[in-house]
Q: 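Attaching a single structure in structure tokens format; questions to follow.
By convention in this document, chain letters (A, B, ...) are assigned in the order of the sequence lines, proteins followed by strands, and residues within each chain are numbered from 1.
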Protein chains: 2
Amino acid sequence: MDSFKHINSDNPNSLSLRVFKEIEDMILNGEIQPGENLIESKLSSQLGVSRTPVREAVRMLERTGLVQIVPNKGAVVLGIDDQDLEDIYTIRMLIEGLASRWAAERMTEEQIRELGEIIDLQEFYTMKNSTEHINHLDSQFHEKIFEYCNSRPLQHTLSDLHHMIKRYRKISVGSTGRADKAIAEHRQIFEALAEHNPDTAEKLTIEHIANAKENLLKIIREKRN
Amino acid sequence: MDSFKHINSDNPNSLSLRVFKEIEDMILNGEIQPGENLIESKLSSQLGVSRTPVREAVRMLERTGLVQIVPNKGAVVLGIDDQDLEDIYTIRMLIEGLASRWAAERMTEEQIRELGEIIDLQEFYTMKNSTEHINHLDSQFHEKIFEYCNSRPLQHTLSDLHHMIKRYRKISVGSTGRADKAIAEHRQIFEALAEHNPDTAEKLTIEHIANAKENLLKIIREKRN
DNA sequence: GTTTTTATGATTGTATACAATTATACATTA
DNA sequence: TAATGTATAATTGTATACAATCATAAAAAC
């Protein structure tokens, strides 16, 4: 049953992957706006590569939900509206709740130690007000949990959801007073995990994401006015 | 904000798509076994097309989770073990439960009528013992619900999950006495949806999928012995 | 003046050629 | 013999050329 295991693909950068990331950045930074068409020939000359890796990159972008491909017509950049965003967070509540539940059941002592270190770092950088680090560690905390829950299907599902909200995460934690609260919540979740208490871990995680959702929606509404 | 809407891509069959389906079938039918490598040149000569559409098809297969691509090395067919299968069904319980909840809230009268017709057909073909039709309608019932819940993120998530278990669905409903029970459950879910009763619809859907899961695991264990 | 047709250009889809990488078998050395 | 290096073959990655499809605008028909 060796063939069933995942091989840890160590990201040996291919051109397609580089192009994928470059186009993704352009979209995330607003250089390319929702509604615009991605034209393979333009992108390829712009990036100095042939059309083939661009094509593959566009296919990867479709997979992340950033783009929709219409056969024989091309790829158009998709936006997401408020309803979509709310739905994504509601789904995340359920799925990440489940992830915490399973992590609480399945985590090893070594993994608990590792997660503890992340929390310590988070508290450190929050005191220092280093937004850059805070955002990165926030992502890392969530990613570690769904690594430790040790379920390929769940990881797959969650990674899709996280891709969808990549555009918004940067504003979610930054700027407001949410960072302090978020970390206090992380600490609580961590303790439930460390005690192998699935019910509490799940409940706290759901609340945590519900709070993040409210905060994000609030910020977005403010930005619009 | 026109650009945000999905264009109903009416499947204008491209070669890549045809090739995708052919390879998918080969894997689903066991012609290509988990652990085997997909070799582009072989497949292209075997199917009488060039390597380009084969490459694109393999990328699509990776997206459905049937295959894993290791850069510079190729694509290997993935299997899923019992734990994966259980996890998928647990996730499905949550997600389809949510789909039913939202469908109950958002469904139109016209959609209720349509869904009712599917149920009627299901009952008809179950009396006739037409396994072919039963399986198809079972899929259709679930797909209609997450079409009617009208949430793109949820649809995306669920369609991934359904792809993952495509290999198993054919044996799930067939052969056993499960079909009768399944349809009775569908009927109950339908009534909750028609009454716009989210709580009941969600609860019944979760139970329904839990039952399907037990049934599937039982069948698989029997087949192994 | 409006609609339909037709021609042209732009863009995507597919095939093929070549480059880069990886796997395999054999030889070499300790 | 085991380990390491090297040559060759197999395979994937990328570039380019051509075919098919679609979008646009001018011309023709009404």
Q: So that I can tick it off, tell me whether R18(B) and E22(B) are bridged by a salt bridge, with the cut-off set at under 4.0 angstrom between side-chain N and carboxylate O.
A: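 Salt bridge present between E22(B) and R18(B).
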
Q: For the pair R59(B) and E56(B), find out whether any cationic side-chain nitrogen is under 4.0 Å from an anionic carboxylate oxygen.
A: no

Q: How many whole angstroms separate atom CZ of R51(B) from atom P of dT14(D)?
A: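 Roughly 11 Å, once rounded to whole Å.
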
Q: Should R113(B) and E117(B) count as an ion pair when the cut-off is N to O under 4.0 Å?
A: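 E117(B) and R113(B): salt-bridged.
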
Q: If the cut-off is 4.0 Å, is S41(A) near the phosphate of dA10(C), judged by side-chain N/O to OP1 or OP2?
A: no

Q: Classify the angle between the aromatic ring planes of F141(B) and H186(B) as parallel (below 30°), tilted (30 to 60°) or perpendicular (above 60°).
A: parallel

Q: Taking the nucleotide of DNA chain D with the nearest heavy atom to each, does K42(B) or S50(A) sit closer to the 5' end?
A: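 This one resolves to K42(B).
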
Q: Rounded to whole Å, please give me the gap between CG in N72(B) and P in dA19(C).
A: 17 Å

Q: Between P on dT24(D) and CG on N37(A), what's the gap in Å once rounded to a whole number?
A: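 Rounded to whole Å, this separation is 10 Å.
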
Q: Expressed as a whole number of angstroms, how long is the span from E40(B):CD to dT14(D):C1'?
A: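 For the pair E40(B) CD and dT14(D) C1', the rounded distance is 12 Å.
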
Q: Applying ring pair (Phe, Tyr, Trp, His ring centres under 6.0 Å), can you list everything that pairs with Y148(A), at least two apart in sequence or on another chain?
A: none

Q: To the nearest angstrom, how far is L43(A) atom CG from dT14(D) atom P?
A: 16 Å

Q: For DNA chain D, determine which residues of residues 52-65 of chain B have any heavy atom closer than 4.0 angstrom to one of its atoms, and list them numerically.
A: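 Only R55(B), R59(B) qualify.
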
Q: Return the value, rounded to whole Å, for the distance between atom CZ of F20(A) and atom P of dG13(D).
A: 16 Å

Q: So, F146(A) versus H162(A), ring centres under 6.0 angstrom or not?
A: yes

Q: Could you give the CZ-to-C1' distance, from R18(B) to dG13(C), as a whole number of Å?
A: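 Rounding to the nearest Å, CZ of R18(B) and C1' of dG13(C) are 14 Å apart.
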
Q: Can you spot which of L154(A), I189(A), I209(A), I91(A) makes a side chain to side chain contact (heavy atoms under 4.5 Å, CB included) with E96(A)?
A: I209(A)

Q: In whole Å, what is the span from the CD1 atom of I69(A) to the P atom of dT11(C)?
A: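 Between P of dT11(C) and CD1 of I69(A): 17 Å.
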
Q: For K73(B) and dA23(C), is the shortest distance between a side-chain N/O and OP1 or OP2 below 4.0 Å?
A: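 So the side chain of K73(B) is within the cut-off, an N or O lying under 4.0 Å from OP1 or OP2 of dA23(C).
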
Q: Look at the side chain of I39(B) and decide which nucleotide, out of dT11(D), dG13(D), dT14(C), has an atom nearest to it.
A: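 Looking only at heavy atoms from C-beta outward on I39(B), the closest nucleotide is dT11(D).
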
